[in-house]
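These notes are about the structure you will find just below.
Computed over heavy atoms, backbone and side chain alike; hydrogens, waters and symmetry mates excluded. We're numbering straight along the sequence, starting at 1. Small disclaimer: the values here were computed from a predicted structure and weren't measured.
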Amino acid sequence: MRSSGSPRAGRRRTALRTTAAALSLATAALLAGCASAETSPRSSAKPQAFEPAAQKDGSRITVWTDSTRLPSVQAYQKSHQDVKMKIVTYDGGADGSTYLQSKVQLFDRTGNGWPDVVFGSPTDVTWASQPTKPGALPFAAPLDDKLVPQSTLDGFAKGSLTPCQFNGHTYCMRNDIAQVVLWYNKSLMDTWGYKVPTTWEQYESLGKRVAKEHPGYLVGSVGDTNSHESYFWSSRCPAFDLVKPDTLRTDLQDPHCTRTAKLLDGLISAKAVTTKGFFSQGFAKDSGSKVMMAYGPSWYGQYLFKAAFHTPARQIAAAPPLTWEGDPTVATGNVGGGVWMVSSHSANLKASTDLVTWLTTSDENQASAPTYPAYTKAAKAWLANPANSDYFAGDVSDAFRRAAGAVWTGWSNTRFSDATAWSSVVLPALTSGKSLTSTLPAWQKEISNEAEAHGYKAVTR
(Lines give C-alpha, C1' and ligand atoms only; values in the text may rest on other atoms or scores of the structure.)
Protein backbone atom coordinates (compact mmCIF):
# COMPACT_ATOMS: atom_id res chain seq x y z
CA MET A 1 0.00 0.00 0.00
CA ARG A 2 2.34 3.28 1.11
CA SER A 3 4.14 0.31 -1.11
CA SER A 4 4.94 4.99 -4.58
CA GLY A 5 4.96 6.12 -2.25
CA SER A 6 6.24 4.95 -0.58
CA PRO A 7 8.54 3.21 -1.46
CA ARG A 8 8.45 1.51 1.63
CA ALA A 9 11.81 1.92 2.95
CA GLY A 10 13.42 -1.33 3.56
CA ARG A 11 10.38 -3.04 2.34
CA ARG A 12 12.09 -5.84 0.65
CA ARG A 13 15.04 -7.79 1.84
CA THR A 14 18.00 -8.32 -0.46
CA ALA A 15 16.84 -11.84 -1.20
CA LEU A 16 13.48 -10.57 -2.31
CA ARG A 17 15.02 -7.97 -4.55
CA THR A 18 17.17 -10.67 -6.13
CA THR A 19 14.43 -13.24 -6.50
CA ALA A 20 11.64 -10.93 -7.54
CA ALA A 21 13.39 -8.07 -9.23
CA ALA A 22 10.71 -8.20 -11.88
CA LEU A 23 8.10 -7.26 -9.37
CA SER A 24 9.17 -3.76 -8.42
CA LEU A 25 7.47 -4.31 -5.13
CA ALA A 26 8.07 -0.98 -4.35
CA THR A 27 6.68 -0.18 -2.77
CA ALA A 28 5.94 -3.19 -3.69
CA ALA A 29 5.22 -2.76 -0.98
CA LEU A 30 4.33 -0.50 -2.00
CA LEU A 31 1.60 -1.18 -2.54
CA ALA A 32 -0.75 0.30 -2.00
CA GLY A 33 -4.19 0.99 -1.27
CA CYS A 34 -6.17 3.89 -0.02
CA ALA A 35 -9.65 4.78 0.96
CA SER A 36 -12.06 4.16 -1.90
CA ALA A 37 -13.01 6.89 -4.34
CA GLU A 38 -16.52 6.88 -2.92
CA THR A 39 -15.49 7.23 0.73
CA SER A 40 -11.98 8.59 0.56
CA PRO A 41 -11.57 11.95 2.29
CA ARG A 42 -8.92 12.67 -0.30
CA SER A 43 -11.55 12.61 -3.01
CA SER A 44 -13.84 15.11 -1.31
CA ALA A 45 -11.69 18.15 -1.98
CA LYS A 46 -12.69 20.50 -4.74
CA PRO A 47 -10.85 19.48 -7.93
CA GLN A 48 -8.28 21.99 -9.13
CA ALA A 49 -8.47 23.19 -12.70
CA PHE A 50 -5.77 21.65 -14.87
CA GLU A 51 -4.07 23.96 -17.33
CA PRO A 52 -1.82 21.96 -19.68
CA ALA A 53 1.55 23.26 -20.79
CA ALA A 54 1.81 24.59 -24.34
CA GLN A 55 1.48 21.54 -26.56
CA LYS A 56 3.86 20.65 -29.39
CA ASP A 57 2.47 17.84 -31.50
CA GLY A 58 5.13 15.33 -32.45
CA SER A 59 7.61 16.52 -29.85
CA ARG A 60 9.83 13.96 -28.17
CA ILE A 61 8.68 12.50 -24.86
CA THR A 62 11.06 11.41 -22.12
CA VAL A 63 10.11 8.22 -20.30
CA TRP A 64 11.53 7.10 -16.97
CA THR A 65 11.06 3.40 -16.31
CA ASP A 66 12.43 0.72 -14.04
CA SER A 67 14.44 -2.11 -15.60
CA THR A 68 11.55 -4.56 -15.34
CA ARG A 69 9.22 -2.39 -17.41
CA LEU A 70 11.97 -1.33 -19.85
CA PRO A 71 11.18 -4.09 -22.40
CA SER A 72 7.54 -2.94 -22.48
CA VAL A 73 8.49 0.66 -23.17
CA GLN A 74 10.90 -0.49 -25.88
CA ALA A 75 8.17 -2.66 -27.41
CA TYR A 76 5.89 0.37 -27.62
CA GLN A 77 8.64 2.38 -29.27
CA LYS A 78 9.22 -0.38 -31.81
CA SER A 79 5.54 -0.61 -32.73
CA HIS A 80 5.01 3.17 -32.71
CA GLN A 81 8.01 4.41 -34.62
CA ASP A 82 6.32 7.72 -35.37
CA VAL A 83 6.56 8.60 -31.67
CA LYS A 84 9.85 10.21 -30.68
CA MET A 85 11.03 8.87 -27.33
CA LYS A 86 13.96 9.16 -24.97
CA ILE A 87 14.01 6.26 -22.50
CA VAL A 88 15.76 6.57 -19.15
CA THR A 89 16.12 3.66 -16.73
CA TYR A 90 15.98 4.35 -12.98
CA ASP A 91 14.88 2.47 -9.85
CA GLY A 92 11.19 3.21 -10.34
CA GLY A 93 10.66 4.30 -6.76
CA ALA A 94 11.67 0.92 -5.38
CA ASP A 95 13.19 0.00 -2.04
CA GLY A 96 12.43 3.28 -0.30
CA SER A 97 14.05 5.46 -2.94
CA THR A 98 13.06 9.13 -3.03
CA TYR A 99 15.05 9.74 -6.21
CA LEU A 100 12.03 10.72 -8.31
CA GLN A 101 10.65 13.08 -5.70
CA SER A 102 14.03 14.76 -5.20
CA LYS A 103 14.45 15.20 -8.95
CA VAL A 104 10.97 16.70 -9.36
CA GLN A 105 11.68 19.13 -6.53
CA LEU A 106 14.84 20.16 -8.39
CA PHE A 107 12.99 20.54 -11.69
CA ASP A 108 10.32 22.63 -9.98
CA ARG A 109 13.04 24.96 -8.71
CA THR A 110 14.86 25.26 -12.03
CA GLY A 111 11.73 25.30 -14.19
CA ASN A 112 12.75 22.50 -16.57
CA GLY A 113 13.82 18.86 -16.84
CA TRP A 114 10.60 17.04 -15.98
CA PRO A 115 10.16 13.66 -17.72
CA ASP A 116 6.89 13.21 -19.61
CA VAL A 117 6.07 9.74 -18.30
CA VAL A 118 7.32 7.92 -15.19
CA PHE A 119 6.87 4.53 -13.57
CA GLY A 120 6.66 4.60 -9.80
CA SER A 121 5.07 3.13 -6.72
CA PRO A 122 1.67 4.12 -5.28
CA THR A 123 3.32 6.18 -2.57
CA ASP A 124 4.82 8.47 -5.18
CA VAL A 125 1.32 9.65 -6.01
CA THR A 126 0.90 11.08 -2.50
CA TRP A 127 3.41 13.83 -3.31
CA ALA A 128 3.11 13.89 -7.12
CA SER A 129 -0.54 14.91 -6.87
CA GLN A 130 0.44 17.98 -4.78
CA PRO A 131 2.67 20.98 -5.54
CA THR A 132 6.19 20.55 -4.19
CA LYS A 133 6.33 24.29 -3.47
CA PRO A 134 3.99 27.29 -3.60
CA GLY A 135 3.14 28.17 -7.18
CA ALA A 136 4.28 24.86 -8.64
CA LEU A 137 2.04 22.48 -10.53
CA PRO A 138 1.51 19.02 -9.10
CA PHE A 139 3.89 16.81 -11.07
CA ALA A 140 1.26 14.26 -12.07
CA ALA A 141 -1.40 15.31 -14.55
CA PRO A 142 -5.04 14.51 -13.68
CA LEU A 143 -5.67 11.77 -16.22
CA ASP A 144 -9.43 11.92 -15.79
CA ASP A 145 -9.43 15.56 -16.95
CA LYS A 146 -9.89 15.05 -20.72
CA LEU A 147 -6.80 12.84 -21.06
CA VAL A 148 -8.06 9.29 -20.47
CA PRO A 149 -11.70 8.32 -21.16
CA GLN A 150 -13.68 7.44 -18.06
CA SER A 151 -14.66 4.19 -19.73
CA THR A 152 -10.99 3.19 -19.71
CA LEU A 153 -10.53 4.12 -16.06
CA ASP A 154 -13.66 2.14 -15.21
CA GLY A 155 -12.00 -0.94 -16.70
CA PHE A 156 -9.52 -1.34 -13.84
CA ALA A 157 -10.11 -3.83 -11.04
CA LYS A 158 -12.32 -2.52 -8.26
CA GLY A 159 -10.30 -0.36 -5.89
CA SER A 160 -7.06 -0.69 -7.83
CA LEU A 161 -7.01 3.00 -8.77
CA THR A 162 -7.67 4.32 -5.26
CA PRO A 163 -3.93 4.89 -4.68
CA CYS A 164 -4.14 7.19 -7.71
CA GLN A 165 -7.05 9.30 -6.49
CA PHE A 166 -6.54 12.60 -4.69
CA ASN A 167 -8.45 15.88 -4.65
CA GLY A 168 -11.21 14.51 -6.82
CA HIS A 169 -8.90 13.45 -9.65
CA THR A 170 -7.09 10.33 -10.84
CA TYR A 171 -3.35 10.97 -11.14
CA CYS A 172 -2.02 7.62 -12.30
CA MET A 173 -2.90 4.35 -13.99
CA ARG A 174 -2.14 1.15 -12.16
CA ASN A 175 0.29 -1.17 -13.92
CA ASP A 176 -0.20 -4.24 -11.76
CA ILE A 177 -1.65 -5.38 -8.47
CA ALA A 178 -0.54 -7.99 -5.97
CA GLN A 179 -3.79 -9.20 -4.44
CA VAL A 180 -3.41 -11.67 -1.59
CA VAL A 181 -4.66 -15.25 -2.00
CA LEU A 182 -4.20 -18.54 -0.16
CA TRP A 183 -1.36 -20.54 -1.69
CA TYR A 184 -1.10 -24.24 -0.90
CA ASN A 185 0.86 -27.30 -1.93
CA LYS A 186 -1.85 -29.46 -3.47
CA SER A 187 0.38 -32.52 -3.62
CA LEU A 188 1.00 -32.45 0.12
CA MET A 189 -2.62 -31.63 0.93
CA ASP A 190 -3.88 -34.53 -1.18
CA THR A 191 -1.30 -36.96 0.20
CA TRP A 192 -2.17 -36.13 3.81
CA GLY A 193 -5.91 -35.92 3.21
CA TYR A 194 -6.29 -32.26 4.15
CA LYS A 195 -9.08 -30.01 2.89
CA VAL A 196 -8.31 -26.50 1.64
CA PRO A 197 -9.65 -24.02 4.22
CA THR A 198 -12.15 -21.33 3.30
CA THR A 199 -12.21 -19.51 6.65
CA TRP A 200 -9.53 -18.21 9.00
CA GLU A 201 -10.78 -20.53 11.70
CA GLN A 202 -10.31 -23.53 9.40
CA TYR A 203 -6.85 -22.23 8.48
CA GLU A 204 -5.94 -22.00 12.16
CA SER A 205 -7.25 -25.48 12.92
CA LEU A 206 -5.46 -27.03 9.96
CA GLY A 207 -2.24 -25.25 10.84
CA LYS A 208 -2.23 -26.68 14.35
CA ARG A 209 -3.04 -30.10 12.97
CA VAL A 210 -0.16 -29.93 10.51
CA ALA A 211 2.24 -28.88 13.28
CA LYS A 212 1.20 -31.88 15.35
CA GLU A 213 1.06 -34.49 12.58
CA HIS A 214 3.96 -33.26 10.44
CA PRO A 215 6.36 -31.23 12.62
CA GLY A 216 8.46 -28.76 10.67
CA TYR A 217 5.87 -28.08 7.98
CA LEU A 218 4.46 -24.56 7.81
CA VAL A 219 1.26 -22.75 6.86
CA GLY A 220 2.69 -19.24 6.82
CA SER A 221 5.28 -16.67 7.83
CA VAL A 222 5.09 -13.33 9.61
CA GLY A 223 8.79 -12.61 9.29
CA ASP A 224 8.99 -10.56 6.09
CA THR A 225 8.78 -6.79 5.91
CA ASN A 226 5.40 -7.04 4.18
CA SER A 227 3.78 -9.90 6.14
CA HIS A 228 1.36 -7.50 7.86
CA GLU A 229 -0.08 -6.58 4.48
CA SER A 230 -1.10 -10.17 3.88
CA TYR A 231 -2.62 -10.81 7.30
CA PHE A 232 -3.71 -7.54 8.92
CA TRP A 233 -4.72 -5.77 5.72
CA SER A 234 -6.77 -8.80 4.70
CA SER A 235 -8.53 -8.72 8.08
CA ARG A 236 -9.58 -5.08 7.58
CA CYS A 237 -7.41 -3.91 10.45
CA PRO A 238 -7.44 -0.07 10.64
CA ALA A 239 -3.71 0.36 10.91
CA PHE A 240 -3.48 2.95 8.12
CA ASP A 241 -6.88 4.59 7.77
CA LEU A 242 -6.94 8.12 6.38
CA VAL A 243 -10.14 9.52 7.82
CA LYS A 244 -9.21 12.97 6.50
CA PRO A 245 -6.47 14.07 4.09
CA ASP A 246 -4.32 15.09 7.06
CA THR A 247 -5.59 12.65 9.69
CA LEU A 248 -4.51 9.04 10.02
CA ARG A 249 -6.42 6.65 12.23
CA THR A 250 -4.42 3.79 13.72
CA ASP A 251 -6.36 1.57 16.09
CA LEU A 252 -4.65 -1.78 16.59
CA GLN A 253 -7.01 -2.66 19.44
CA ASP A 254 -9.84 -2.82 16.94
CA PRO A 255 -11.32 -6.35 16.87
CA HIS A 256 -10.28 -6.71 13.21
CA CYS A 257 -6.67 -6.37 14.40
CA THR A 258 -6.77 -8.30 17.66
CA ARG A 259 -8.46 -11.32 16.09
CA THR A 260 -5.62 -11.60 13.59
CA ALA A 261 -2.93 -11.19 16.22
CA LYS A 262 -4.54 -13.82 18.43
CA LEU A 263 -4.88 -16.31 15.57
CA LEU A 264 -1.27 -15.84 14.50
CA ASP A 265 0.01 -16.06 18.07
CA GLY A 266 -1.59 -19.49 18.37
CA LEU A 267 -0.06 -20.68 15.12
CA ILE A 268 3.36 -19.26 16.01
CA SER A 269 3.26 -21.04 19.36
CA ALA A 270 2.34 -24.27 17.57
CA LYS A 271 5.27 -23.70 15.20
CA ALA A 272 2.93 -23.79 12.21
CA VAL A 273 3.69 -20.15 11.31
CA THR A 274 7.32 -19.08 11.39
CA THR A 275 8.75 -15.76 12.49
CA LYS A 276 11.50 -16.20 9.93
CA GLY A 277 10.89 -14.43 6.63
CA PHE A 278 10.21 -16.44 3.51
CA PHE A 279 12.85 -14.24 1.87
CA SER A 280 15.32 -14.31 4.73
CA GLN A 281 18.77 -15.73 4.13
CA GLY A 282 18.82 -19.51 4.13
CA PHE A 283 15.07 -20.01 4.46
CA ALA A 284 14.54 -21.36 0.94
CA LYS A 285 17.28 -23.95 1.40
CA ASP A 286 16.33 -24.99 4.92
CA SER A 287 12.54 -24.78 4.89
CA GLY A 288 11.27 -23.93 1.40
CA SER A 289 10.15 -27.49 0.70
CA LYS A 290 8.15 -27.56 3.95
CA VAL A 291 5.82 -24.65 3.23
CA MET A 292 2.44 -26.33 2.85
CA MET A 293 0.44 -23.09 2.79
CA ALA A 294 1.22 -19.41 2.49
CA TYR A 295 -1.14 -16.45 2.64
CA GLY A 296 0.39 -13.96 0.27
CA PRO A 297 0.33 -11.99 -3.00
CA SER A 298 -0.43 -13.28 -6.48
CA TRP A 299 3.26 -13.19 -7.38
CA TYR A 300 4.15 -15.79 -4.73
CA GLY A 301 3.45 -18.59 -7.18
CA GLN A 302 6.09 -17.65 -9.73
CA TYR A 303 8.55 -15.73 -7.57
CA LEU A 304 8.42 -17.51 -4.22
CA PHE A 305 7.52 -21.14 -4.84
CA LYS A 306 8.98 -21.49 -8.31
CA ALA A 307 11.98 -19.15 -8.32
CA ALA A 308 12.99 -19.16 -4.64
CA PHE A 309 11.82 -22.50 -3.26
CA HIS A 310 12.21 -24.41 -6.56
CA THR A 311 9.00 -26.30 -5.89
CA PRO A 312 8.35 -28.68 -8.80
CA ALA A 313 5.63 -27.78 -11.30
CA ARG A 314 2.05 -28.93 -10.82
CA GLN A 315 2.22 -28.92 -7.03
CA ILE A 316 1.25 -25.36 -6.06
CA ALA A 317 -2.33 -24.07 -6.29
CA ALA A 318 -4.21 -20.95 -5.20
CA ALA A 319 -7.52 -20.51 -3.38
CA PRO A 320 -9.63 -17.33 -2.89
CA PRO A 321 -9.19 -15.09 0.16
CA LEU A 322 -10.32 -16.48 3.49
CA THR A 323 -13.28 -15.09 5.43
CA TRP A 324 -14.06 -15.07 9.16
CA GLU A 325 -16.87 -17.16 10.60
CA GLY A 326 -19.77 -14.85 11.36
CA ASP A 327 -18.26 -12.16 9.11
CA PRO A 328 -18.99 -12.98 5.46
CA THR A 329 -17.14 -9.93 4.09
CA VAL A 330 -14.61 -11.00 1.48
CA ALA A 331 -11.55 -8.78 1.82
CA THR A 332 -7.88 -9.17 1.10
CA GLY A 333 -4.61 -7.26 1.14
CA ASN A 334 -2.16 -6.14 -1.52
CA VAL A 335 1.60 -6.55 -1.51
CA GLY A 336 3.11 -4.48 -4.29
CA GLY A 337 2.15 -3.13 -7.68
CA GLY A 338 3.38 -0.11 -9.63
CA VAL A 339 1.82 2.90 -11.36
CA TRP A 340 2.40 5.06 -14.43
CA MET A 341 2.10 8.85 -14.27
CA VAL A 342 2.01 11.51 -16.97
CA SER A 343 3.72 14.81 -16.19
CA SER A 344 1.53 17.90 -16.02
CA HIS A 345 4.47 19.69 -17.70
CA SER A 346 4.46 17.46 -20.79
CA ALA A 347 4.37 19.31 -24.11
CA ASN A 348 3.02 16.17 -25.79
CA LEU A 349 0.20 14.92 -23.60
CA LYS A 350 -1.31 13.01 -26.48
CA ALA A 351 1.72 10.77 -26.96
CA SER A 352 2.40 10.50 -23.21
CA THR A 353 -1.15 9.47 -22.43
CA ASP A 354 -1.26 7.00 -25.30
CA LEU A 355 1.91 5.33 -24.04
CA VAL A 356 0.61 4.99 -20.47
CA THR A 357 -2.73 3.67 -21.72
CA TRP A 358 -1.00 1.08 -23.91
CA LEU A 359 1.34 -0.01 -21.13
CA THR A 360 -1.44 -0.57 -18.61
CA THR A 361 -4.40 -1.76 -20.69
CA SER A 362 -3.25 -3.42 -23.92
CA ASP A 363 -3.31 -7.19 -24.23
CA GLU A 364 -0.27 -6.83 -26.48
CA ASN A 365 1.79 -5.70 -23.51
CA GLN A 366 0.05 -7.05 -20.44
CA ALA A 367 -0.53 -10.63 -21.57
CA SER A 368 3.19 -11.28 -21.15
CA ALA A 369 3.76 -8.94 -18.18
CA PRO A 370 5.66 -10.37 -15.19
CA THR A 371 2.86 -9.67 -12.70
CA TYR A 372 -0.94 -9.58 -12.62
CA PRO A 373 -2.40 -6.59 -14.55
CA ALA A 374 -4.71 -4.17 -12.78
CA TYR A 375 -6.77 -3.69 -15.94
CA THR A 376 -9.52 -6.32 -15.96
CA LYS A 377 -9.51 -7.20 -19.66
CA ALA A 378 -5.72 -7.36 -19.76
CA ALA A 379 -5.79 -9.62 -16.70
CA LYS A 380 -7.89 -12.12 -18.64
CA ALA A 381 -5.27 -12.16 -21.39
CA TRP A 382 -2.55 -12.57 -18.76
CA LEU A 383 -4.30 -15.54 -17.22
CA ALA A 384 -4.80 -17.11 -20.65
CA ASN A 385 -1.06 -16.99 -21.31
CA PRO A 386 0.35 -20.49 -20.64
CA ALA A 387 3.54 -18.94 -19.29
CA ASN A 388 1.51 -17.57 -16.38
CA SER A 389 -0.46 -20.71 -15.63
CA ASP A 390 1.36 -23.89 -16.68
CA TYR A 391 3.39 -24.09 -13.48
CA PHE A 392 0.36 -24.48 -11.24
CA ALA A 393 -1.60 -27.54 -10.11
CA GLY A 394 -4.86 -26.36 -11.60
CA ASP A 395 -6.49 -23.13 -12.71
CA VAL A 396 -5.65 -20.11 -10.54
CA SER A 397 -7.93 -17.76 -12.50
CA ASP A 398 -10.89 -17.87 -10.12
CA ALA A 399 -8.78 -17.22 -7.04
CA PHE A 400 -6.89 -14.36 -8.71
CA ARG A 401 -9.98 -12.68 -10.11
CA ARG A 402 -11.96 -12.88 -6.90
CA ALA A 403 -9.06 -11.52 -4.90
CA ALA A 404 -8.39 -8.73 -7.41
CA GLY A 405 -11.82 -7.27 -6.77
CA ALA A 406 -11.66 -7.73 -2.99
CA VAL A 407 -8.60 -5.69 -2.00
CA TRP A 408 -9.74 -3.67 1.03
CA THR A 409 -9.52 0.06 0.37
CA GLY A 410 -9.46 1.00 4.05
CA TRP A 411 -5.69 0.46 4.22
CA SER A 412 -4.65 3.87 2.99
CA ASN A 413 -1.78 5.09 0.88
CA THR A 414 0.33 7.48 2.98
CA ARG A 415 3.40 9.63 2.56
CA PHE A 416 5.44 7.10 4.52
CA SER A 417 5.98 3.37 4.21
CA ASP A 418 3.78 1.02 6.18
CA ALA A 419 6.71 -1.39 6.40
CA THR A 420 9.09 0.58 8.62
CA ALA A 421 7.13 0.32 11.86
CA TRP A 422 6.49 -3.38 11.31
CA SER A 423 10.16 -3.99 10.56
CA SER A 424 11.58 -1.85 13.36
CA VAL A 425 9.15 -2.76 16.14
CA VAL A 426 7.19 -5.92 15.42
CA LEU A 427 9.74 -8.19 13.77
CA PRO A 428 12.40 -7.75 16.50
CA ALA A 429 9.74 -8.41 19.14
CA LEU A 430 8.64 -11.63 17.45
CA THR A 431 12.24 -12.76 17.08
CA SER A 432 12.78 -12.25 20.80
CA GLY A 433 9.79 -14.41 21.63
CA LYS A 434 7.16 -11.77 22.34
CA SER A 435 3.62 -12.27 21.07
CA LEU A 436 1.96 -10.23 18.37
CA THR A 437 -0.86 -9.35 20.73
CA SER A 438 1.52 -7.88 23.31
CA THR A 439 3.34 -5.93 20.60
CA LEU A 440 0.26 -4.19 19.15
CA PRO A 441 0.54 -1.10 21.43
CA ALA A 442 4.18 -0.51 20.49
CA TRP A 443 3.42 -1.01 16.81
CA GLN A 444 0.54 1.47 17.03
CA LYS A 445 2.71 4.05 18.78
CA GLU A 446 5.43 3.75 16.13
CA ILE A 447 2.93 4.19 13.29
CA SER A 448 1.48 7.25 15.02
CA ASN A 449 4.94 8.71 15.52
CA GLU A 450 5.77 8.23 11.85
CA ALA A 451 2.48 9.76 10.82
CA GLU A 452 3.06 12.89 12.89
CA ALA A 453 6.63 13.16 11.60
CA HIS A 454 5.19 13.25 8.07
CA GLY A 455 2.62 15.93 8.80
CA TYR A 456 -0.42 13.85 9.73
CA LYS A 457 -2.54 14.11 12.82
CA ALA A 458 -2.60 10.65 14.44
CA VAL A 459 -5.85 9.46 16.03
CA THR A 460 -7.26 6.16 17.28
CA ARG A 461 -10.99 6.84 16.80
Side-chain angles (χ1 to χ4, degrees), residues 3 8-25 28-30 94-95 178 180-189 203 206-208 210-211 214-232 234 263-313 315-318 333 335-336 371 391-392 419-420 422-436 439:
S3 212
R8 313 179 188 278
R11 175 180 186 101
R12 293 285 181 275
R13 299 179 185 276
T14 301
L16 172 56
R17 295 197 301 268
T18 301
T19 301
L23 294 176
S24 177
L25 297 174
L30 13 60
D95 302 316
V180 173
V181 298
L182 175 65
W183 290 102
Y184 63 97
N185 188 311
K186 186 176 185 301
S187 297
L188 287 178
M189 298 277 279
Y203 171 81
L206 179 57
K208 292 180 178 179
V210 169
H214 303 280
Y217 282 82
L218 302 167
V219 299
S221 164
V222 292
D224 286 308
T225 59
N226 53 26
S227 297
H228 58 304
E229 293 177 348
S230 291
Y231 289 104
F232 287 89
S234 296
L263 179 146
L264 289 171
D265 280 338
L267 290 172
I268 292 170
S269 295
K271 299 188 184 305
V273 166
T274 179
T275 58
K276 295 181 180 179
F278 282 149
F279 295 98
S280 61
Q281 186 174 5
F283 184 90
K285 179 181 178 180
D286 297 337
S287 304
S289 63
K290 293 187 176 182
V291 176
M292 193 190 79
M293 289 194 296
Y295 208 66
S298 52
W299 50 264
Y300 262 14
Q302 296 282 8
Y303 294 94
L304 179 65
F305 288 101
K306 184 179 180 179
F309 294 168
H310 302 296
T311 306
Q315 290 190 12
I316 301 300
V335 187
T371 48
Y391 170 72
F392 303 114
T420 52
W422 174 265
S423 299
S424 63
V425 173
V426 181
L427 295 187
L430 294 177
T431 301
S432 67
K434 294 181 179 179
S435 69
L436 260 174
T439 308

(request) Looking only at non-hydrogen atoms, find the nearest pair between A211 and A270 and report the distance. (result) CB-O, 3.2 Å

(message) With rounding to the nearest 0.5 angstrom, report the CG to NZ distance, L430 to K276.
(response) 14.0 Å

(request) Please step through side chain to side chain contact (heavy atoms under 4.5 Å, CB included) for the pair H228 and L436, ending with a clear verdict. (result) CA-CA 11 Å; H228 58 304; L436 260 174; over 6 Å; no

(message) Parallel, tilted or perpendicular, judged at 30° and 60°: which one describes the rings of F305 and W183?
(response) tilted

(message) With heavy-atom distances below 4.5 Å as the criterion, would you say the side chains of L218 and V273 are in contact?
(response) no

(message) I want to check something: taking the side chain as every heavy atom from C-beta on, are L304 and F279 in contact at a cut-off of under 4.5 Å?
(response) yes

(message) Please report the interatomic distance OG1(T274) to CG(D224), rounded to the nearest 0.5 Å.
(response) 9.5 Å

(request) Kindly give the heavy-atom pair with the smallest separation between P428 and S423, and that separation in Å. (result) CD-O, 3.2 Å

(message) How long is the straight-line distance from NE2 of H214 back to NZ of K290, given to the nearest 0.5 Å?
(response) 12.0 Å

(request) Return the set of residues passing salt bridge (Lys or Arg N to Asp or Glu O under 4.0 Å) with K271 (not counting sequence neighbours), or none when no residue passes. (result) none

(message) Can you tell me how far apart OG1 (T311) and OH (Y391) are? Round to the nearest 0.5 Å.
(response) 4.5 Å

(message) Measuring from atom CE of M292 to atom CD1 of I316, what distance do you get when rounded to the nearest 0.5 angstrom?
(response) 10.5 Å

(request) Please examine the side chains of I268 and V222, heavy atoms only from C-beta on, and report whether any two atoms are closer than 4.5 Å. (result) yes

(request) Let me know which of Y217, Y300, F283 forms a side chain to side chain contact (heavy atoms under 4.5 Å, CB included) with V291. (result) F283

(request) State the CD-OH distance between E229 and Y295, to the nearest 0.5 angstrom. (result) 13.5 Å

(request) Taking all heavy atoms of P297 and all of S230, pick out the closest pair and write down the distance. (result) CD-OG, 4.1 Å

(request) Might you point out which heavy atoms bring A318 and V181 nearest each other, and give the distance in Å? (result) CB-CG2, 4.2 Å

